[in-house]
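First the structure, in the form of C-alpha cells, and then the observations on it.
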Amino acid sequence: MLQKPRGTRDFLPDEMERRRLIEERMRAVARRWGYREVCTPNFEYLELFTMKSGEEIIQEMYVFEDKSGRQLTLRPEVTASVLRMYVNEGRVLPKPIRWCYFADCFRYERPQKGRYRQFWQFGVELIGADTALADAEVIMLADDLLHTSGVEFDLHVGHLAPMKHILRDLPPDDHRMVMAHLDRHDPQALGHALEAKGLGDRTELLLALSECREIDEVFEIAGDVPERPRIEETFTILDSQGIRYRPNFGIARGLDYYTGMVFEAFAPNLGAENQILGGGTYRLAYLFGGDDAASCGFAVGFDRIMVSIGDFPLEYEPVVGVVCTPEARTRALEIARAFRKTGIRTEVDLMQRSLSAQLSHAARTADYAVVVGQRECEAGTVTLKNLHTGEQRETTLDDAVAEVMRFGRC
RNA sequence: GCCAGGGUGGGGUAGUUGGUUAUCCUAAGGGACUGUGGAUCCCUCGACCCGGGUUCGAAUCUCGGCCCUGGCCCCA
C-alpha cells in the first residue's frame, strides 16, 4: 500500500474539527489585539532563508528546483516571508504594523513526539514599534493566546543584553558558542571554552545569570547594562497586568537573530520537544532590502499545543438522516434541503438501501430519522423519528425542522 | 546523522524452540427483513512492511532497507 511521506500526518474529521476550533480561537485573540491575518507563499526562493539563517539550514529544508531552474524551498518558518512581504508591500503602511498568520511549514528533520516534517505555526509580527510597551504587548498577546487555547504552560521571559554585556570582550562569533554551552546546562564545557579565550572569570557570572530569577539580581551580576531601563520597564508592565512568567536570562537556544527581549513557553506534559512558543525582538527588514525596522514577534507550535491539550469533546450538533422509499426520492431531497437551509447537518442514502437498512444506518450515524414514502408524499407530511428515544410522529416539515433545532438545548 | 523498542486484514490482536488452508474481536458491505433500528444469525471483503539469505519448508532464524514510537543531535 502507498504510504504517506515520513513525518507527515493524516487528520480524520474529529481531529480536524478540534484543530479548527483551537485555530479559530487563536485567530480571534490576535484579531482582538489588532493583529490581522496575512498569507505568504508556501514556497519561496531559497535565498530568503539562507540570508536570514545561513547556508547550514539548507540540509534541514525541502529544497527543489523549478522548471526554469530557480532554487526554491518549502518554507521552514514564516517570519522571513512576512518580513519580505513587509519590505515588498508594507513599507508605506502606517506604523506599527500588526500582522498574524497560520501556516504549515516544512523541515527535513528526524520526526519524534511533537516534531513532524510538515507542521503548523501560528505567529504574530509587530513591525515598526521599538518600545518597552511594544515588547510587552507581544508577550501579553502570547500569554492571552496560550490561555485561550486551553494549554497549560510555563512562560519564560528574558533579554539578551545582560549576557552580551558579560561577553562584550568576545567577538560576536564566539557568543554563539558560549550560548550553546549555556543552553545545554554544561558548565564544564562552558568553563573550558571561556578559559581558552582567557575569560575564565566570566563562567561564574554566566552561570549565575542563567540561574537568576530576580530582575534586580540580574544587574548585580551583569553590571551596568545600558538596556536596563528598557528591560525594567517591560517587566514592570507585565507585572502590572498580572502576567505570570519566570524571568530567565539564560534563554539562548537558537536565537541568533534576536536583538533584545526574548521569550519562550513550555508545556510541562510534553516530552523532549516541549517548547510550544518562542519569540522576541529582531531586525530583519534591512536584510531583504528594506529599512532597519524594529520588529517583535513569536510563533506557536500548533501541533505541540494540540498534543499537549489532548482529545476533548466537541460541541455536539444534531444529525438528520433522511430515509425514503424509491418513489419518494424527489420529496426526500426537498426535505433535506429544508433542513440544511437552517444549518442542520443532513444526510440522504446514496446506496439504494432498503428502508430498513437506511434506518439501521441512520441509527448509527444520526440523531433523527426523517422517514418519507408514498404515504407522507400524498399527505404532505414527514415522519420524524427520534433515534435516541425511539419515539416517532407524523408532522409537517416545518415542525420537524423546529424540533430538531431544539435538540440538545434542554 | 546516531541509539533503543517495534511493524500480522481499515482498527485492535493470537500465533514466533521453523511445519497443513494464519486465530479471534471489531469496523465496512450485503442478506434473513420490498414502510421502521443499534440485538441475533448468515454471507462477503480483507493481513504476516519490502527485498536478499539459510532451509525440503520462513510470519517465526539471519542480513539490508523502509516505516512507526520514543530519545540523542539540532531546533530558524
Problem - Within residues 284-292 of chain A: residues closer than 4.0 Å to RNA chain B (heavy atoms) - result: none

Exercise for the section: Using Watson-Crick or G-U wobble geometry with both distances below 3.5 Å, tell me the partner of rU69(B), or none. Expected result: rA4(B)

Practice task
Write out all pairs satisfying salt bridge (charged side-chain N to carboxylate O under 4.0 Å, His left out) with one or both partners inside residues 330-339 of chain A, taking only residues at least two apart or from two chains.
Solution key: Arg331(A)-Glu334(A)

Practice task
Please list, chain by chain and in numerical order, all residues satisfying side-chain hydrogen bond (donor to acceptor under 3.5 Å, both in side chains) with Glu315(A), sequence neighbours excluded.
Solution key: none

Practice task
Identify, residue by residue, the members of residues 100-126 of chain A with a heavy atom below 4.0 Å from RNA chain B, and return them in order of residue number, or none.
Solution key: Arg107(A), Glu109(A), Arg110(A), Gln112(A), Lys113(A), Arg115(A)

Practice task
For rU17(B) and rG52(B), measure between their P atoms and round to the nearest Å.
Solution key: 25 Å

Exercise for the section: Rounded to whole angstrom, note down the C1' distance from rU60(B) over to rA14(B). Expected result: 14 Å

Practice task
Taking side-chain hydrogen bond (donor to acceptor under 3.5 Å, both in side chains) as the test, write out the residues that go with Lys164(A), two or more places apart.
Solution key: none

Exercise for the section: Indicate, with yes or no, if the rings of Phe302(A) and Phe122(A) have centres closer together than 6.0 Å. Expected result: no

Considering only distance and modelled atom types, tabulate donor-acceptor pairs under 3.5 Å from the side chains of residues 99-106 of chain A, sequence neighbours left out.
unit_1: Asp104(A); atom_1: OD1; unit_2: Arg75(A); atom_2: NH2; d: 3.1
unit_1: Asp104(A); atom_1: OD2; unit_2: Gln118(A); atom_2: NE2; d: 2.9

Using atom names, set out every protein N or O paired with an N or O of nucleotides 40-48 of chain B below 3.5 Å, distance rounded to 0.1 Å.
none

Exercise for the section: Examine His147(A) together with Phe153(A) and report whether their ring centres are nearer than 6.0 Å. Expected result: yes

Which pairs of donor and acceptor atoms, one on a side chain in residues 39-49 of chain A, lie under 3.5 Å apart (sequence neighbours left out)?
unit_1: Glu44(A); atom_1: OE1; unit_2: Arg84(A); atom_2: NE; d: 3.0
unit_1: Glu44(A); atom_1: OE2; unit_2: Ser81(A); atom_2: OG; d: 2.8
unit_1: Glu44(A); atom_1: OE2; unit_2: Arg84(A); atom_2: NE; d: 3.3
unit_1: Glu44(A); atom_1: OE2; unit_2: Arg84(A); atom_2: NH2; d: 2.9

Fill in the blank from the handout: Per-nucleotide protein contact along nucleotides 25-38 of chain B, 5' to 3', at a 4.0 Å heavy-atom cut-off (B base, S sugar-phosphate only, - neither), is --SSSS--B-BBBB

Practice task
Taking side-chain hydrogen bond (donor to acceptor under 3.5 Å, both in side chains) as the test, write out the residues that go with Glu23(A), two or more places apart.
Solution key: Arg20(A), Arg27(A)

Handout entry: Residues forming a side-chain hydrogen bond (donor to acceptor under 3.5 Å, both in side chains) with Glu403(A), sequence neighbours excluded
Key = Arg393(A)

Solution key, residues 283-290 of chain A side-chain donor-acceptor pairs under 3.5 Å, sequence neighbours excluded:
unit_1: Arg283(A); atom_1: NH1; unit_2: Asp292(A); atom_2: O; d: 2.6
unit_1: Arg283(A); atom_1: NH1; unit_2: Asp292(A); atom_2: OD2; d: 3.3
unit_1: Arg283(A); atom_1: NH2; unit_2: Asp130(A); atom_2: OD2; d: 3.1

